[in-house]
Amino acid sequence: MVTGNYAIEARGLRKTFGDLTVLDSVDLRVESGTMLGVLGPNGAGKTTCVRILSTLLGADGGAATIAGHDVMKEPRAVRRVIGLTGQDTAVDELLTGEENLVMMGQLFRLGGAASRRRAAELLGRFDLTDAARRPVKTYSGGMRRRLDLAVSLINSPPVLFLDEPTTGLDPTSRTVMWETIRSLMAAGTTVLLTTQYLEEADQLADRVAVIDGGRVVAEGTAGELKREVGSERVELTFDGEDLARARTLFDGEHVGVQTLSMPIESPSDVRGLLNLAASQNLDVKGFALHEPTLDDVFRTLTGAGSRTGAATAADADGATGAGACAGAGAITGETA
Amino acid sequence: MNQAVAPKARPEFVLAVGDCVVLIRRSLRHLTRNVDEVIQSVVLPVMLLLLFRYLFGGAIQTGGPSYVNYVIAGVIVVSIAFSASATAVGVADDLRNGIVERFRTMPMFSSAMLVGHVVSAVLRNVLAVTLVVLVGLLVGFRPSASLGDWLVACGLLLLFSTAISWLATLLGLLAGGVEAAGGYAMILVFFPYASSALVPSESMPSALRAFVENQPFTPIVNAVRGLLIGTPTGNSVMLSVVWWLPVLALTVIFTVRYFRRHTGE
């Protein structure tokens, strides 16, 4: 029943809303027991993709299977094997955490006793036992997300969709969420995670697909993407007069009012930059080393998006010059 | 962890009923935790009764029974229509919240969510009507109804309440948001005021009177009033069924269809 070893497989998914093409032709494959991070800016089509794969939305073209079940032809079979945690917490605010879990278990037809057992187990695992009898509306943002994830796991689904599970969370809650997701991976769950944060994909995913303008523009491991897509950058901060002089000295772009950002080939290049500053009596007030960011990835890859077919990370090489696709515009330009 | 927990093998219909029971229980829990909703659906009807009994009661001539006896059927119908607002808001809130999305990714009978809202709305009405009748008895309501009359009146009100609750559910689905849902439901609240619920239609100008005597809220008011205090029912019992049974049937069909299409099933 399962085609190949892919728990999630999508071929040529298309979706349009009126004149707007949200998904052009999306191909995704996730091997059983691994995590694919789907990375993209707002409006890239990430959520639409997840909605189609989780049977919430019909596609206009293409095909997809989850654990061998056709998403369009056997939605019920698909629903039995998936869990979904969306961007909005989909739990009942007036019920307690425990009541939410038990209710969802019963709706999965696990029966009352089994639902209560599973609820207790998940509450413990997600550190919600103390809050189990409180209405969800009293929960913090992090607790809500954890409960939402717990609810998605009530039927122990072999395939899990996490649609921006940490968007809007504070750093501590995010780290806790990451730990939880890692423990799921250890248990053998197949996960498709969408995120706007390269770091998140980097931390969690086995492979990353970069999606933009309704297409997969690059696919590979996080390390491959970063190497192919952007270089490390160093940021130097100067005060008043020094800033004006530094601007003429360094060929950097402004990030923030007093900070210049420059690409470097390797960390040892930093020595040269600092020596240059010292030789000119420039007082360096701040210093930071930056890994490639999602911005870098997108500046580079949106150029690759116009080419036909799903480019691989290696293909993206030739598109490095596309940095001209001026930053923020390319990143937040679309909606839907 | 590699296999989803298998559901117990039972006929689909039984499972669907089970889903309804689970979601009815959910809606009832809401009732116990949402003080505003309880006030709106239970306390308000009683206040309405006292308001009409003592504030307007002296000024309105019914041409027969005392005003408290006249108005009780009206207050019952008005309060059932009133609860439509809470129902529509509840449905719209579920859509906004994303819980409906979750239900739709589950192998369940997702329309059970609608059933949950309707059943809890009807139970809310039963509670409110019971309270209105009890308080009514304290302030001068003297029913002349036989057991049979009571049963027929309750049957009609149950039909009416179910139909109104499905209509409210539909409005909640159609409305673009929680506020809009509350607003649309006000349409349902308006109708009983323009019926024979609170004042006899004989006192109205002819154009209004023509509307009042031919709109669906008037027969239900007249039927319940006649059954409870013995005023002539005429054909109002039959008319109530003729109006509200098709309204109920069509609304259920349309609402469930709309919900399923809207939710891509």
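Chain letters run A, B, ... following the sequence lines, proteins first and then strands; every chain starts at 1. Only a predicted model underlies this, so the values are computations on that prediction, with no experimental measurement involved.
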Trainee: With a 6.0 Å cut-off (strictly less than), is the heavy-atom count around CZ of Arg134(A), excluding the residue itself, greater than 12?
Mentor: yes
Trainee: Could you walk me through whether Asn155(A) and Met106(B) pass the side chain to side chain contact (heavy atoms under 4.5 Å, CB included) check?
Mentor: CA-CA 10 Å; Asn155(A) 62 326; Met106(B) 294 164 56; over 6 Å; no
Trainee: Is there a side-chain contact between Leu84(A) and Glu101(B), using heavy atoms and a 4.5 Å cut-off?
Mentor: no
Trainee: So how far is it from Asp93(B) CG to Asp92(A) CG, rounded to the nearest 0.5 Å?
Mentor: 9.0 Å
Trainee: Are Arg76(A) and Glu12(B) close enough that some pair of their side-chain heavy atoms sits under 4.5 Å apart?
Mentor: yes
Trainee: Would you give the length of the straight line joining atom CD1 of Ile99(B) to atom CD of Glu93(A), rounded to the nearest 0.5 angstrom?
Mentor: 9.0 Å
Trainee: Could you list all the salt bridge (Lys or Arg N to Asp or Glu O under 4.0 Å) pairs where at least one residue sits in residues 116-133 of chain B, not counting sequence neighbours?
Mentor: Glu37(B)-Arg124(B)
Trainee: Would you indicate whether Arg182(A), at its atom CZ, is surrounded by more than 12 heavy atoms from other residues, nucleotides or ligands within a distance under 6.0 Å?
Mentor: yes
Trainee: Which value, rounded to the nearest 0.5 Å, describes the distance between Arg29(B) atom CZ and Thr96(A) atom OG1?
Mentor: 7.0 Å
Trainee: Looking at Arg109(A) and Pro107(B), would you say the former's side chain and the latter's main chain have a donor-acceptor pair under 3.5 Å?
Mentor: yes
Trainee: Is the shortest side-chain heavy-atom distance between Met103(A) and Arg25(B) below 4.5 Å?
Mentor: no
Trainee: Nearest heavy-atom pair of Ala90(A) and Gly98(B): which atoms, and what distance?
Mentor: CB-O, 3.1 Å
Trainee: Mind listing the closest non-hydrogen atom pair of Asn34(B) and Leu94(A) along with its distance?
Mentor: ND2-CD1, 4.2 Å
Trainee: Above 12 or not: heavy atoms from other molecules or residues under 6.0 Å from CZ of Phe103(B)?
Mentor: yes
Trainee: When you measure from the side chain of Arg26(B) to the backbone of Leu95(A), do you find a donor-acceptor pair of N or O atoms at a distance under 3.5 Å?
Mentor: no
Trainee: Do Ser54(A) and Arg104(B) have side-chain heavy atoms sitting under 4.5 Å apart?
Mentor: no
Trainee: Of the backbone (N, CA, C, O) and the side chain (C-beta and beyond), which part of Val151(A) lies under 4.5 Å from a heavy atom of chain B, both, or neither?
Mentor: both
Trainee: Are the side chain of Arg79(A) and the backbone N or O of Met108(B) linked by a donor-acceptor pair below 3.5 Å?
Mentor: no
Trainee: Answer with side chain, backbone, both or neither: which region of Thr190(A) has an atom nearer than 4.5 Å to a non-hydrogen atom of chain B?
Mentor: neither
Trainee: Hey, does Gln106(A) have a side-chain heavy atom less than 4.5 Å from the side chain of Val21(B)?
Mentor: no
Trainee: Using 0.5 Å steps for rounding, measure from the CG atom of Leu107(A) to the CG atom of Leu15(B).
Mentor: 11.0 Å
Trainee: So for atom CE, which belongs to Met186(B), do other residues, nucleotides or ligands contribute more than 12 heavy atoms lying within a distance under 6.0 Å?
Mentor: no
